[in-house]
Enquirer: 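Here it is: the structure, laid out below.
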2 protein chains.
Amino acid sequence: MSSSCSHAPVAVTASQEYTAKAWAVLKQRGLRQTEPRKQIIDALAELLGPTSAYDLRDMLLERHKKADIVTIYRVLECLEANGLVHRLLTRPGGVVRCQLPSEDECHHAESSHHCHHVLVCQCCNGVQELHCPGVGPLIAYAEKESGYTVQTHYLEFAGLCPQCSTL
Amino acid sequence: MSSSCSHAPVAVTASQEYTAKAWAVLKQRGLRQTEPRKQIIDALAELLGPTSAYDLRDMLLERHKKADIVTIYRVLECLEANGLVHRLLTRPGGVVRCQLPSEDECHHAESSHHCHHVLVCQCCNGVQELHCPGVGPLIAYAEKESGYTVQTHYLEFAGLCPQCSTL
DNA sequence: ATCATTGCAAACCGTTTGCAGCCTT
DNA sequence: AAGGCTGCAAACGGTTTGCAATGAT
């Protein structure tokens, strides 16, 4: 899951925005502010691309902060349940922190999970989130064609980000 | 992976079509006609919904045909490599036999893997495959919006099939 | 003081690898 | 006869569970 070619860390402001939002959400749900959660949220905030539980453990170790792998799994589970990380379909165990506003804030009802989709760069492992207005009609088409009632859809793109495209 | 509510087996003709096609493909590639392959292909042919390696092993056991789990993995790998089964994104380890013509036969270049997508019924585990002409524009939109070059996309629908919708 | 959360150990599950022997071609 | 394919054993990696100890509120 670790990126092969380097990927610039997020601008400080965006990073701070994420941690602030994360703590706001957790606090609102009565969840406690613990050291492992702090370390993991901070790590996610600095990362643009996908990570995994073991990646995060290694990141923390580099900072001389140790967290048990089990705890990391549980924290990620908690963050996912609160809309603070995505799980990637195409990379088992892969997670990305959510960059776009959560579904509380935006009201595209397209997806039962998050109303946006993910582009992953095959080269630098960067991730970009995207609202896809075209998905609605696509679902309508699928329903008409198949007779199914579509409850959820999973859509993920893989390719090259603008920087890596030019290499 | 085993279906909860019953799902009618495929019509005999469709089932025979699949086995015939499978053997044709395998023979063409110089692959051998072995007992485990026969059992697995037959099992897949009778199944409409998704299965897994262990599901297949159990199916074979019920028919008093034993195949090692490792062999089943290897046969599935082989069938996938030859376009005879899909792997499901949303159900790790899940596979479905391909119902639609393979990409040799149709020429939608939309997906690097298969040019069709999958609808899974959450209730009966049935699966339907679908061509999605709308995906092209969606990719174009994603590329324009993000600056990415999209190489592959993954799209899967989950919902209720026509029968289960009315329950 | 209470109860959520952590850490450790161990189980668990699906999947993969190495290798000897078998069976299709 | 040759070598693709199978079966067995064992390793593997990621994920989960149980339980006692810790620590946030």
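When reading the values below, keep in mind they use all heavy atoms of this one structure, side chains included, and skip hydrogens, waters and symmetry mates. Within every chain, numbering begins at 1; the chains are lettered A, B, ... in the order of the sequence lines, protein sequences first and strands thereafter.
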Enquirer: Specify the separation, in whole Å, of atom CD of B:Gln39 and atom P of D:dC5.
Expert: 17 Å

Enquirer: Find out if a path of hydrophobic residues (ILVMFWY) with successive side-chain heavy-atom gaps under 4.5 Å connects B:Val127 to B:Leu160.
Expert: no

Enquirer: Do B:Glu46 and B:Arg63 sit within salt-bridge range, that is, some charged N less than 4.0 Å from a carboxylate O?
Expert: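 Salt bridge between B:Glu46 and B:Arg63, a charged N being under 4.0 Å from a carboxylate O: yes.
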
Enquirer: Consider only side-chain N and O atoms of B:Ser146 and A:Gln128, and report whether a donor and an acceptor are under 3.5 Å apart.
Expert: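 Side chains of B:Ser146 and A:Gln128: no pair found under 3.5 Å.
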
Enquirer: Using the rule that two of Ile, Leu, Val, Met, Phe, Trp, Tyr join whenever any of their side-chain heavy atoms come within less than 4.5 Å, decide whether A:Val25 and A:Ile41 are in one cluster.
Expert: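 Yes, one cluster joins them.
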
Enquirer: With the side chain counted from C-beta on, respond yes when A:Trp23 and A:Arg37 share a heavy-atom pair under 4.5 Å apart, and no when they do not.
Expert: yes

Enquirer: CG of A:Leu79 versus C1' of C:dT5: gap in Å, rounded?
Expert: 14 Å

Enquirer: What integer distance in Å separates B:Asp55:CG from C:dC13:P?
Expert: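 Going from B:Asp55 (CG) to C:dC13 (P), I get 14 Å.
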
Enquirer: Return the value, rounded to whole Å, for the distance between atom CD of B:Glu80 and atom C1' of C:dT15.
Expert: 14 Å

Enquirer: To the nearest Å, how far apart are B:Asp68 CG and C:dG21 P?
Expert: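 The distance from CG of B:Asp68 to P of C:dG21 comes to 17 Å, rounded to the nearest Å.
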
Enquirer: Any side-chain heavy atom of A:Tyr54 within less than 4.5 Å of one from A:Ile69?
Expert: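 Yes, their side chains come closer than 4.5 Å.
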
Enquirer: Give a yes-or-no answer on whether the side chains of A:His131 and B:Glu145 include a donor-acceptor pair shorter than 3.5 Å.
Expert: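 Looking only at side-chain atoms, B:Glu145 and A:His131 do not form any donor-acceptor pair under 3.5 Å.
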
Enquirer: Between A:His117 and A:His153, do the side chains contain a donor N or O and an acceptor N or O under 3.5 Å apart?
Expert: yes

Enquirer: If I take atom CZ in residue B:Arg57 and atom C1' in nucleotide D:dG7, what distance separates them, rounded to the nearest angstrom?
Expert: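 Rounded to the whole Å, the gap is 14 Å.
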
Enquirer: Between D:dT6 atom P and B:Lys38 atom NZ, what is the distance in whole Å?
Expert: 14 Å

Enquirer: To the nearest Å, how far apart are B:Leu56 CG and C:dG14 C1'?
Expert: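 In whole Å, C:dG14 C1' lies 14 Å from B:Leu56 CG.
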
Enquirer: With A:Val96, which of A:Asn125, A:Val120, A:Leu88 fulfils side-chain contact (heavy atoms from CB on, under 4.5 Å)?
Expert: A:Leu88

Enquirer: Roughly how bent is the helix from C:dA1-D:dT25 to C:dT25-D:dA1 end to end, in steps of 10 degrees, with each end axis from five pairs?
Expert: 30°

Enquirer: Taking protein heavy atoms under 4.0 Å as touching, what does nucleotides 15-25 of chain D look like 5' to 3' if B marks base contact, S marks sugar-phosphate-only contact and - marks none?
Expert: BBBB----BBS

